[in-house]
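Take a look at the structure below.
On a predicted model such as this, the values are computed, not experimentally measured, just so you know. Positions are given from 1, in the same order as the sequence printed here.
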Amino acid sequence: MTDIERTAIEDTQTWLMQAVVGLNLCPFAKAVVVKDRVRYRVCTSAESVDLLAMLREELQHLAEADPEQLDTTLLIAPHALPDFLDFNDFLGDCDEVLCELELDGVLQVADFHPHYQFGGTDVDDMENFTNRSPYPTLHLLRESSIDKAVEAYPDASLIFERNIEVLSTLGHEGWLALGVRARV
């Protein structure tokens, strides 16, 4: 493992533990993390075509893996797509790969980025931080795991609203105190 890969994984794990699990932004994440069912992969290339090729490999790997051993993958791209709008456009290519592999409805790709911004928000609005990660990151998930988690969690539709409230209370200084840094 290279220093770049090690740093990207460590930064992502810090974000995952401090923000996603620590602030309970995703109430489903803790169980997967505790059971060590998260695969961390790093694409060191700056080329989106290389990231797309790695996404294809990782989708196939996750689809073939035993869910009791591997439930989700975080594909981290420290050098690719530093501009959020380019990253956002790239997600269409990700969906095409999912369909080409006939894995739509089986797996899905969620997205995180250091400069994530929801439409209709200002760049510094705290609600954007629900999807901010240290690096551009593609989160590969099993649809069946999502279905089980939603069944077990009452009012799953309220998670986003709760997250906005938590992050608004936390504020920018509180976010910085978590030790989560955007690296792009």
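Note on R37 versus E68: salt bridge recorded, some NZ/NE/NH1/NH2 to OD/OE distance being below 4.0 Å.
Looking only at side-chain heavy atoms (C-beta outward), L52 and L55 come within less than 4.5 Å of each other. Using a 4.5 Å heavy-atom threshold, the side chains of N24 and R162 count as touching. Put simply, the side chain of F118 reaches to within 4.5 Å of the side chain of T130, judged on heavy atoms. Using a 4.5 Å heavy-atom cutoff, the side chains of L138 and E58 are not in contact. Looking only at side-chain heavy atoms (C-beta outward), L167 and E127 stay at 4.5 Å or farther from each other. For the pair V20 and V33, the minimum side-chain heavy-atom distance is 4.5 Å or more. The closest side-chain heavy-atom distance from L62 to R39 is not below 4.5 Å. With a 4.5 Å cut-off on side-chain heavy atoms, M54 and D50 do not count as touching.
When all heavy atoms of T137 and S133 are compared, the closest pair comes out as OG1-OG, 3.7 Å. Shortest non-hydrogen contact noted between V123 and R132 is O-NH2, 2.6 Å. Here the closest heavy-atom approach between residue A8 and residue T12 is recorded as O-OG1, 2.8 Å. In plain terms, the two heavy atoms of A63 and L103 that are nearest each other are CB-CD2, 3.8 Å. Q117 and D122 get closest at one heavy-atom pair: NE2-C, 3.6 Å. Looking at every heavy atom in both residues, P134 comes nearest to P114 through O-CG, 3.4 Å.
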(request) Would you please test L70 and H61 for side-chain contact (heavy atoms from CB on, under 4.5 Å) and show each step? (result) CA-CA 10 Å; L70 176 63; H61 181 85; 3.6 Å; yes
(request) Apply the test side-chain contact (heavy atoms from CB on, under 4.5 Å) to residues L178 and L23: give CA-CA distance (whole Å), side-chain angles for both, the deciding distance (0.1 Å), then the verdict. (result) CA-CA 10 Å; L178 294 175; L23 297 176; 3.7 Å; yes
(request) Please assess K35 against D71 for the test side-chain contact (heavy atoms from CB on, under 4.5 Å), listing each intermediate value before the final yes or no. (result) CA-CA 10 Å; K35 293 176 183 175; D71 195 56; over 6 Å; no
(message) Walk me through whether L75 and R41 qualify under side-chain contact (heavy atoms from CB on, under 4.5 Å).
(response) CA-CA 5 Å; L75 177 53; R41 299 286 290 150; 4.0 Å; yes
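A ring-ring contact (aromatic ring centres under 6.0 Å, His included) with F112 is found for one member of W15, Y135, F129 and no other, namely W15.
Transitive grouping of hydrophobic side chains (ILVMFWY, heavy atoms separated by less than 4.5 Å) keeps F28 and L158 in distinct clusters. By the rule that hydrophobic residues join a cluster once side-chain heavy atoms approach within less than 4.5 Å of another member, M1 and L16 end up as members of one cluster. Connection of V106 to V97 is established within a shared hydrophobic cluster, with ILVMFWY side chains joined at heavy-atom distances below 4.5 Å, either directly or through further cluster members. At a threshold of 4.5 Å between side-chain heavy atoms, the hydrophobic network of Ile, Leu, Val, Met, Phe, Trp and Tyr places V49 and F87 in two separate groups.
Atom-to-atom distance recorded for Q108:CD and D95:CG is 9.5 Å, nearest 0.5 angstrom. A distance of 10.5 Å separates CZ in R56 from CG in L98, rounded to the nearest 0.5 Å. For the atom pair CG (L59) and CG (L101), the distance works out to 6.0 Å, reported to the nearest 0.5 Å.
By the 6.0 Å contact criterion, CD on E165 is open, its count of non-hydrogen atoms from other residues, nucleotides or ligands being 12 or less.
A donor-acceptor pair under 3.5 Å is formed between the side chain of D83 and the backbone N or O of L85. E5 places a side-chain N or O within donor-acceptor distance of the main-chain N or O of T2, the cut-off being under 3.5 Å.
Take S48 and apply the side chain to side chain contact (heavy atoms under 4.5 Å, CB included) test, not counting sequence neighbours, and it matches L81, F90. In this structure T72 satisfies the side chain to side chain contact (heavy atoms under 4.5 Å, CB included) test together with V32, V38, H139, L141, sequence neighbours excluded.
F84 and Y116 have tilted rings, their planes meeting at an angle from 30° to 60° on a 0 to 90° scale.
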